Amino acid sequence: MNTLPINIPPSLRVTDEQFEQLASANRDLRLERSATGKLIVMPPTGGNTGKRNIDIEGQLWLWNRQTKLGVTFNSSTAFRLPNGAIRSPDAAWVSQKRWNALTPEQQETFPPLCPDFVLELRSKSDNMEPLRQKMQEYIDNQLGLGWLIDPNHKTVEIYRLNQPVEVLKSPKTLSGEDVLPGFVLDLEFVWN
C-alpha cells in the first residue's frame, strides 16, 4: 500500500497541538505531517515487513542497551523536525546528551529534534521516491546517518550529512560508523 496524503487547504493549518490531538484520537492510524502542512496516513505493514522491522529494532535496542549511549525509538514515535514536519521513522536513535537536553514535557510529546540516526524499511508495496524524499528531509534537518533498506532489491541507500548517497547491493552487515559507534546491523534476516 502507498501512503495516502490528506491535503489541508492553505487557509487551514493544523497546529502542533491539533496534530497531537488528531494522532491521539486516531491511535490505530500512523500519521505524519509534512513541513508544508500535508497530513500523511501510513498504512499498517504486512507480516514480512513487521518481522524485519522487529529484528532491526531488536538489534539496535540491544546495542544501545549494552552501550547506554542514547535512546532508541520504534516506528510509533514521531519527531517534530526543525522544518516543522512531524515524521516517524521505522527506527531511530538519539544520543543521550541530546535527549537529556530536552525538557520532560518535550520528551513526553513529539520530541522537537531530528534524530541522530534513522532507518526506513521499504515495504513490498512502497514506492521508493517518497521514501527517498523523506530521507533527504531528515538530512536537510541535520541527520547524522540514515539507512533506507529495500529488501525487494537487497539494496541499502546510506544517507550522511554533507555527503552523496551511497548505494550498497546485498551487504551482509551495515556499520553504525561514528554515529552509532560499534553498532553492526546483521542483514541476514532482513534479506530472507
Side-chain angles (χ1 to χ4, degrees), residues 16 20 23 30 32 35 42 45 49-122 131-132 134-151 154-168 170-192:
D16 288 345
E20 287 180 28
R30 207 170 134 207
E32 293 182 332
M42 308 291 289
T45 64
T49 299
K51 177 182 75 153
R52 290 176 179 121
N53 271 336
I54 196 69
D55 182 71
I56 291 167
E57 291 170 0
Q59 289 183 62
L60 181 62
W61 175 85
L62 183 59
W63 165 82
N64 191 66
R65 182 71 177 258
Q66 292 168 343
T67 64
K68 298 177 176 53
L69 294 175
V71 183
T72 56
F73 302 91
N74 67 14
S75 62
S76 297
T77 307
F79 295 89
R80 185 176 295 111
L81 302 180
N83 71 351
I86 299 176
R87 294 296 195 167
S88 295
D90 289 325
W93 181 85
V94 174
S95 71
Q96 197 66 55
K97 180 180 180 183
R98 291 183 69 221
W99 181 252
N100 290 344
L102 298 176
T103 67
E105 181 181 88
Q106 290 172 322
Q107 291 176 354
E108 191 64 36
T109 62
F110 302 130
L113 53 73
C114 183
D116 297 286
F117 167 79
V118 300
L119 181 142
E120 292 288 347
L121 179 65
R122 179 186 188 191
L131 292 173
R132 287 180 176 127
K134 189 174 177 181
M135 295 300 292
Q136 187 59 51
E137 182 174 44
Y138 290 129
I139 288 294
D140 293 344
N141 282 273
Q142 303 303 302
L143 175 74
L145 178 65
W147 298 335
L148 174 53
I149 300 175
D150 180 0
K154 294 187 177 182
T155 58
V156 177
E157 295 181 12
I158 301 175
Y159 292 76
R160 299 176 184 97
L161 191 59
N162 301 319
Q163 293 184 34
V165 176
E166 180 182 2
V167 179
L168 302 177
S170 299
K172 293 182 181 183
T173 62
L174 293 172
S175 166
E177 303 175 8
D178 59 345
V179 176
L180 306 170
F183 178 62
V184 177
L185 178 67
D186 181 348
L187 292 166
E188 177 184 355
F189 294 107
V190 175
W191 298 147
N192 295 324

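FYI, the numbering just counts along the sequence from 1. Computed from a predicted model, the values in this text were never measured in an experiment.
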- Item | side-chain hydrogen bond (donor to acceptor under 3.5 Å, both in side chains) contacts in which one or both residues fall within residues 66-75, not counting sequence neighbours |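 side-chain hydrogen bond (donor to acceptor under 3.5 Å, both in side chains) check on residues 66-75 returns no pairs.
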- Message: Applying side-chain hydrogen bond (donor to acceptor under 3.5 Å, both in side chains) as the test, list every pair that has at least one member in residues 56-65; sequence neighbours left out.
- Response: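 Counting only pairs at least two positions apart or across chains, the side-chain hydrogen bond (donor to acceptor under 3.5 Å, both in side chains) contacts touching residues 56-65 are D55-Q59, N64-W93.
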- Item | side-chain hydrogen bond (donor to acceptor under 3.5 Å, both in side chains) involving R98 - partner list, sequence neighbours excluded |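 Scan of R98 (side-chain hydrogen bond (donor to acceptor under 3.5 Å, both in side chains), adjacent residues dropped) gives D116.
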- side-chain hydrogen bond (donor to acceptor under 3.5 Å, both in side chains) partners for E108, two or more places apart: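 In terms of side-chain hydrogen bond (donor to acceptor under 3.5 Å, both in side chains), with neighbours along the sequence ignored, E108 is linked to no residue.
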- Message: Could you report the tightest heavy-atom contact between P111 and A78, atom names first, then the distance?
- Response: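 Taking every non-hydrogen atom into account, CD-O, 3.2 Å.
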- Looking only at non-hydrogen atoms, find the nearest pair between P115 and V94 and report the distance.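 In terms of heavy atoms, the two residues are closest at CA-CG2, 3.8 Å.
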Taking the side chain as everything from C-beta on, heavy atoms only, tell me whether [X] gets closer than 4.5 Å to [Y].
X    : Y    : result
P89  : F73  : no
L145 : I158 : yes
M135 : E157 : no
I56  : I149 : yes
Q142 : C114 : no
Q106 : R80  : no
L180 : L60  : yes

Which distance, rounded to the nearest 0.5 Å, do you find between the [atom1] of [X] and the [atom2] of [Y]?
X    : Y    : atom1 : atom2 : value
I86  : L81  : CD1   : CG    : 8.5 Å
N141 : L113 : CG    : CG    : 10.5 Å
L143 : Q136 : CG    : CD    : 10.0 Å
W147 : Y159 : CH2   : OH    : 14.5 Å

Could you list the donor-acceptor pairs under 3.5 angstrom formed between side-chain atoms of residues 182-189 and any protein atom two or more places apart in sequence or on another chain?
| residue | atom | partner | partner atom | Å |
| --- | --- | --- | --- | --- |
| D186 | OD1 | E188 | N | 2.9 |

Check for a donor-acceptor pair, side chain of [X] on one end and backbone N or O of [Y] on the other, with a separation under 3.5 Å.
X    : Y    : result
W191 : P171 : yes
D90  : L121 : yes
N83  : E137 : no

- Task: Output all residues satisfying ring pair (Phe, Tyr, Trp, His ring centres under 6.0 Å) with Y138, sequence neighbours left out; order by chain, then residue number.
- Result: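 Not a single residue meets the ring pair (Phe, Tyr, Trp, His ring centres under 6.0 Å) criterion with Y138.
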- Query: Would you say E105 has more than 12 foreign heavy atoms packed within less than 6.0 Å of its CD?
  - Reply: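 Incorrect, the count does not exceed 12.
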